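Only one structure is covered here, and it is reproduced in the block below.
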Amino acid sequence: MMTDDPWALCHLDDSFEAPVLGTKGTQLLWFDDREAVIDYLQEDYVDLLADVGELEEDQIEAARERFALLIEQSFDERGLVDALNDLSSGLRRIAWFGPLSELAEVQDEFATALRRYFWSQYDGDEDDPDAWIPEEMWPQLVEIAEEFVAEGEF
């Protein structure tokens, strides 16, 4: 584990090839902090979109500028994710962007599904199948997240 509360980014293939690839196009990446995720989004993620979308050099540069502007104008992660997903529609979709601490407790489609999967592996409370996950269990949550993404349960 890099830090006590690493940031995660999960994105998946949203292109016409997605049904053929299944979950192979899904990536769950861990970063030390928000800035590292932002750097990844502006560089590697744009390159990934450019590759999938077969963009020309000038289109790639325009996409980088658009991403930078969206990041600068966004006040929260949810708004940023929605804006980036609108921009990359039909290519890739970000399912999660945020710290592990939020993944362990917020009500979000991806986070809730992950916790439900986590507790199904760790004998959770049947009355609260997507309950928050205590900090001492975060290392197991990181491990289960990899499995969850590979299973394509979301």
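As the structure is a prediction and not an experimental result, all values here were calculated from the model.
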Query - Residues forming a ring-ring contact (aromatic ring centres under 6.0 Å, His included) with F97, sequence neighbours excluded - result: W7

Locate the shortest heavy-atom distance separating [X] from [Y]; write the atom from each residue and the value.
| X | Y | value |
| --- | --- | --- |
| D33 | A36 | OD1-N, 2.9 Å |
| F67 | L41 | CD2-O, 3.7 Å |
| R64 | E43 | NH1-O, 3.3 Å |
| L114 | A145 | CD1-CA, 3.7 Å |
| G79 | S74 | C-OG, 4.4 Å |

A side-chain contact here means heavy atoms from C-beta on lying under 4.5 Å apart; do [X] and [Y] qualify?
| X | Y | value |
| --- | --- | --- |
| T112 | Q107 | yes |
| W96 | L28 | no |
| F118 | Q140 | yes |
| C10 | T26 | yes |
| L80 | D76 | no |

Requested in this report: Take I60 and V46 through the side-chain contact (heavy atoms from CB on, under 4.5 Å) test and state the conclusion after the steps.
Outcome: CA-CA 7 Å; I60 296 170; V46 171; 4.2 Å; yes

Report summary line: dist I94:CD1 -> H11:NE2 (nearest 0.5 Å) comes out at 7.5 Å

Query - E146 and W30: CA distance, side-chain angles, deciding distance, side-chain hydrogen bond (donor to acceptor under 3.5 Å, both in side chains) verdict - result: CA-CA 10 Å; E146 305 285 338; W30 295 96; 3.1 Å; yes

Query raised in the report: Which of these passes side chain to side chain contact (heavy atoms under 4.5 Å, CB included) with R34: I38, D32, V37?
Result: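 Exactly one candidate clears the test, I38.
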
**Report entry** Q27 and its side chain to side chain contact (heavy atoms under 4.5 Å, CB included) partner, picked from D13, L48, L9
**Finding:** L48

Query raised in the report: Okay, side chain of R92, backbone of L49: is any donor-acceptor separation there less than 3.5 Å?
Result: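 Here the side-chain-to-backbone pair does not exist.
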
Report task. Check for a donor-acceptor pair, side chain of N85 on one end and backbone N or O of R93 on the other, with a separation under 3.5 Å. Result ->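 Answer holds: no.
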
Query - For D82, all residues meeting salt bridge (charged side-chain N to carboxylate O under 4.0 Å, His left out), sequence neighbours excluded - result: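 Applying salt bridge (charged side-chain N to carboxylate O under 4.0 Å, His left out) to D82 gives R78.
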
Same apolar cluster (I L V M F W Y, side chains within < 4.5 Å links), [X]/[Y]:
| X | Y | value |
| --- | --- | --- |
| L69 | Y40 | no |
| I71 | L29 | yes |
| M137 | L141 | yes |
| L91 | L87 | yes |
| V149 | Y122 | yes |

Report task. Could you walk me through whether D108 and L103 pass the side-chain contact (heavy atoms from CB on, under 4.5 Å) test, one step at a time? Result -> CA-CA 8 Å; D108 166 275; L103 200 51; over 6 Å; no

Query raised in the report: When you look at CD of E57, are more than 12 heavy atoms from neighbouring residues, nucleotides or ligands closer to it than 6.0 Å?
Result: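 No - once you tally the heavy atoms of other residues, nucleotides and ligands closer than 6.0 Å, there are 12 at most.
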
Query - CD/E136: more than 12 non-hydrogen atoms of other groups inside 6.0 Å - result: yes

**Report entry** Step-by-step side-chain contact (heavy atoms from CB on, under 4.5 Å) determination, W138 to D5
**Finding:** CA-CA 9 Å; W138 288 0; D5 193 9; 4.1 Å; yes

**Report entry** Stepwise side-chain contact (heavy atoms from CB on, under 4.5 Å) check, D47 with D51
**Finding:** CA-CA 6 Å; D47 289 343; D51 189 45; over 6 Å; no

Query raised in the report: Can you list the residues that meet the side-chain hydrogen bond (donor to acceptor under 3.5 Å, both in side chains) rule with R66, with sequence neighbours excluded?
Result: none

Requested in this report: Report the relative orientation of the aromatic rings in F110 and F148; use parallel for angles under 30°, tilted for 30 to 60°, perpendicular for over 60°.
Outcome: perpendicular

Query raised in the report: Does a salt bridge link D130 with R115, judged by any charged N lying under 4.0 Å from a carboxylate O?
Result: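 Salt bridge: no.
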
